[in-house]
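Keep in mind that the numbers below use all heavy atoms, side chains included, and drop hydrogens, waters and symmetry copies. Numbers here simply count residues along the sequence, with the first being 1.
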Amino acid sequence: MFRRIEPRLAAGFELLDGDHRALHAALAGIAEVASRVLAHDGADPAHFRAGLAGFRDAEVELGDLLLRHLDDEEDLVVPLLLERGEAFLAGDA
């Protein structure tokens, strides 16, 4: 819909779509790492700490992706909303 409304920003909207795919993958990855950490039996504390470090890395990656995406969205979507109002989202404008 945004591409149709503002075709000059198509590349930016493609970037946002790519972000959504990357965020989905990062969320799946962090869930997988968290499941492994939570399933640890406690037998090897060093292995558990390594799992926690992996979770921290996945969380940082997810946070970085999300912040970049929100910045990009603020640069592209918010100005359109401010310029055209919310009615265009429903096709009223």
Side-chain angles (χ1 to χ4, degrees):
M1 174 184 62
F2 284 110
R3 282 183 204 88
R4 181 176 40 80
I5 292 166
E6 191 55 70
R8 294 174 300 162
L9 299 177
F13 296 126
E14 288 296 323
L15 177 75
L16 291 177
D17 283 344
D19 285 352
H20 291 153
R21 289 186 291 279
L23 285 165
H24 180 78
L27 284 167
I30 202 169
E32 182 181 320
V33 172
S35 292
R36 284 196 309 264
V37 169
L38 292 172
H40 189 269
D41 64 7
D44 182 358
H47 186 260
F48 182 71
R49 283 191 298 278
L52 286 177
F55 179 81
R56 182 197 60 235
D57 293 345
E59 182 271 330
V60 167
E61 178 186 352
L62 175 61
D64 290 346
L65 285 169
L66 185 57
L67 288 174
R68 188 192 78 225
H69 175 73
L70 292 174
D71 283 344
D72 291 344
E73 213 166 59
E74 185 176 353
D75 290 344
L76 291 169
V77 175
V78 172
L80 283 176
L81 289 171
L82 292 173
E83 177 185 310
R84 300 183 183 219
E86 292 183 38
F88 85 92
L89 291 174
D92 298 336

Exercise for the section: Would you please name every residue forming a ring pair (Phe, Tyr, Trp, His ring centres under 6.0 Å) with H40, sequence neighbours left out? Expected result: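 Here the qualifying residues are H47, F48.
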Handout entry: Listed partners of F13 passing ring pair (Phe, Tyr, Trp, His ring centres under 6.0 Å), at least two apart
Key =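 For F13, the residues satisfying ring pair (Phe, Tyr, Trp, His ring centres under 6.0 Å) (neighbours in sequence not counted) are F2.
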Handout entry: Contacts of type side-chain hydrogen bond (donor to acceptor under 3.5 Å, both in side chains), residue R8, not counting sequence neighbours
Key =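 R8 satisfies side-chain hydrogen bond (donor to acceptor under 3.5 Å, both in side chains) with E6 only.
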[X] and [Y]: which non-hydrogen atoms are nearest, and at how many Å?
X	Y	value
A26	L65	CB-CD1, 3.7 Å
A43	P45	O-CD, 3.6 Å
I30	L27	CG2-O, 3.2 Å

Mind listing the side-chain donor-acceptor pairs of residues 56-64 below 3.5 Å, one per line with the distance, residues two or more places apart or on another chain?
none

Handout entry: From CG (L16) to CG (L23), nearest 0.5 Å
Key = 10.0 Å
Practice task
Can you tell me which residue pairs pass the salt bridge (charged side-chain N to carboxylate O under 4.0 Å, His left out) test with a partner in residues 44-55, sequence neighbours excluded?
Solution key: none
Scan the side chains in residues 66-80 for donor-acceptor partners under 3.5 Å anywhere in the protein, sequence neighbours excluded, and list what turns up.
from	atom 1	to	atom 2	distance (Å)
R68	NH2	D19	OD1	2.4
H69	ND1	D19	OD2	3.0
H69	NE2	H20	NE2	3.2
H69	NE2	E73	OE2	3.1

